Amino acid sequence: MERRKFISSTSLAGLASVIGAPIVFANNITEDYPLLALQDVNPFELFKKNKQMVVLNDKPWNIEAQAHLLNDVITPNSAMFVRNNGKIPEKIDAKNWKLVIDGESVHQSKTYSLQDLKSQFKQYSYQLTLECGGNGRSEFNPPAKGNQWTVGAVSCAKWTGVRLKDVLAAIGIKNNAVYVGYHAADTHLSGDPRKEPISRGIPIAKALQDETLLAFEMNGEAIPLAHGYPLRLVAGGYPASVSGKWINRISVRDKVHDGEKMSGDSYRVPKFPVAPGESVKAEDMQIIESMPVKSLITYPKSGATMKLAQQLHINGHAWAGELNVAKVMYSIDFGSTWHSCTLKNAVNRFAWQQFAATIQFPQKGYYEVWAKAIDSKGVAQPMLVPGWNPKGYLNNACHRIAVKIV
Ligand SMILES: Nc1nc2c(c(=O)[nH]1)N[C@H]1C(S)=C(S)[C@@H](COP(=O)(O)O)O[C@H]1N2
Ligand SMILES: [Mo]
């Protein structure tokens, strides 16, 4: 008879943190016992999300914000979108967590515990914009497969950790380093332990930027489980898919990292415009790097009703990948005329910037308020959905809200 495998104490601690209570009679169940609490879960409670967040998928969990939930300058966990490619790791033992740094371009691989990272390197905090490459996908036609994100797959939380460049400097990397790739503890939906759900990375120059962190805190607390507890690579301005959650290995590569979702159409767009629905050859696709200029009106909520005598105050955020936003404009006449918004500087590179305007409407009726950001190179958001691409990435069309004046 096969011996029954009972749950180890480290797994138990992990399970208890996911469920929110210790399993009192855990000795009576086996490791593969399907706990009900882990099956029919309420995602808003499980992930401590605002009830107005929208669940796009539960296997894996994919949850987006609505524009008006993102009004804070620093995105709180409650409004932060969740994008998972696989299953969130259930058994996390932060005390024994290991980060291995290896790859062709390190002289010798090295392993760090979280405590090593925290005690051996200086800690930094940056507010970093993380936008899913597929944010806005729902508007492409013909439709692209994948989560149908509208506008809410973007966040700008404050991340604290150590600089990846300091850790790489301590190890010493070879001159032939081209890329770093991450590996993580989440598991493939198929349950096959040999398959990784995602293993992406960044060019070495991006890895060596001051703001690229091995982060262990988000908004001053341990990173929430869904967002990468206990350790996350955070690289703002690039598609958020490069910011690996639950990371346990960073490989310094002598070539472009070839992990899961680095090839084919994944996180790639055609090098030149293609007709909607056209198939594109692999060699004509390129990896998405800095994200395009974009903005979001976070106040008021679309559908607001106002009295004509009142002025409408609007505000929101604008970001432009690795660039700054130079200007934000608004229009109330479907783009015929544009007016300037006030615009704040970013608190640090790769953080979104706040815009605001006060609008006086000419008469009663229905209006749309459109916002358009322009980056430091003079590139503006398009008013229509931009270039179709096979996976529906990089839709940075202008955001708009409806307003009724009575
Ligand atoms: N290990 C791991 N890291 C990951 C992912 C994942 O599925 N597994 N998803 C990526 C993608 S596609 C995005 S958009 C962001 C989402 O980050 P968030 O869920 O914290 O908002 O995490 C990235 N990092
Ligand atoms: Mo993503």
Side-chain angles (χ1 to χ4, degrees), residues 43 46-50 53-65 69-70 75-90 92 97 99 128-138 144-149 151-159 180-189 195-202 212-219 222-251 257 259-262 265-269 287-288 291 391-395:
L46 180 65
F47 302 124
K48 300 194 173 67
K49 297 295 172 190
N50 187 301
M53 296 285 283
V54 180
V55 177
L56 301 181
N57 194 351
D58 64 351
K59 287 184 186 71
W61 287 111
N62 281 282
I63 303 172
E64 80 166 327
L69 300 176
L70 291 169
T75 310
N77 174 54
S78 61
M80 181 179 275
F81 77 101
V82 177
R83 197 291 184 243
N84 293 326
N85 290 265
K87 281 188 257 185
I88 296 177
E90 274 169 15
I92 288 175
W97 193 266
L99 177 72
L128 297 166
T129 307
L130 297 186
E131 182 181 17
C132 180
N135 196 22
R137 175 178 293 139
S138 64
K145 278 199 206 119
N147 291 291
Q148 296 300 303
W149 304 107
V151 296
V154 60
S155 67
C156 192
K158 189 172 155 195
W159 297 91
V180 305
Y182 67 77
H183 298 275
D186 48 344
T187 52
H188 198 267
L189 289 177
K195 284 191 184 160
E196 294 181 281
I198 188 168
S199 169
R200 304 202 66 240
I202 43 178
T212 299
L213 298 178
L214 296 170
F216 30 76
E217 276 183 17
M218 185 183 106
N219 298 340
I223 300 174
L225 178 66
H227 299 292
Y229 178 77
L231 191 64
R232 176 170 200 174
L233 176 66
V234 193
Y238 268 41
S241 55
V242 305
S243 292
K245 307 191 274 190
W246 316 291
I247 56 164
N248 51 27
R249 183 149 75 95
I250 294 271
S251 299
H257 182 57
E260 190 59 34
K261 306 224 161 150
M262 283 300 293
D265 290 348
S266 291
Y267 305 100
R268 287 177 187 239
V269 287
I287 299 174
I288 300 168
M291 294 290 285
K391 288 279 206 130
Y393 296 122
L394 306 187
N395 175 5

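What you see is a predicted model; the values in this text were computed from it and never measured. Side chains included, hydrogens not; waters and symmetry mates left out as well; all remaining heavy atoms used. Atoms within each ligand, like the ligands themselves, are counted from 1 in listed order.
Using a 3.5 Å distance cut-off with no hydrogens or angles, the side chains of Ser251 and His257 do not pair a donor with an acceptor.
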Exercise. What's the verdict on side-chain contact (heavy atoms from CB on, under 4.5 Å) for Lys195 and Glu260, showing C-alpha distance, side-chain angles and the deciding distance?
Worked result: CA-CA 9 Å; Lys195 284 191 184 160; Glu260 190 59 34; over 6 Å; no

For this session: Step by step, work out the side-chain contact (heavy atoms from CB on, under 4.5 Å) result for Arg232 and Trp246.
Result: CA-CA 6 Å; Arg232 176 170 200 174; Trp246 316 291; over 6 Å; no

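Between Val55 and Pro43, the shortest heavy-atom contact is CG2-CG, 3.9 Å. When all heavy atoms are compared, the tightest approach of Tyr182 to Leu233 is CD2-CD2, 4.1 Å.
The backbone N or O of Pro197 sits nowhere less than 3.5 Å from a side-chain atom of Lys87 that would complete a donor-acceptor pair.
For ligand 1, residues of the protein lying within 4.0 angstrom by heavy-atom distance are Phe81, Val82, Arg83, Asn84, Asn85, Cys132, Tyr182, Ala184, Asp186, Ile198, His227, Arg232, Ala240, Ser241, Ser243, Gly244, Lys245, Trp246, Tyr267.
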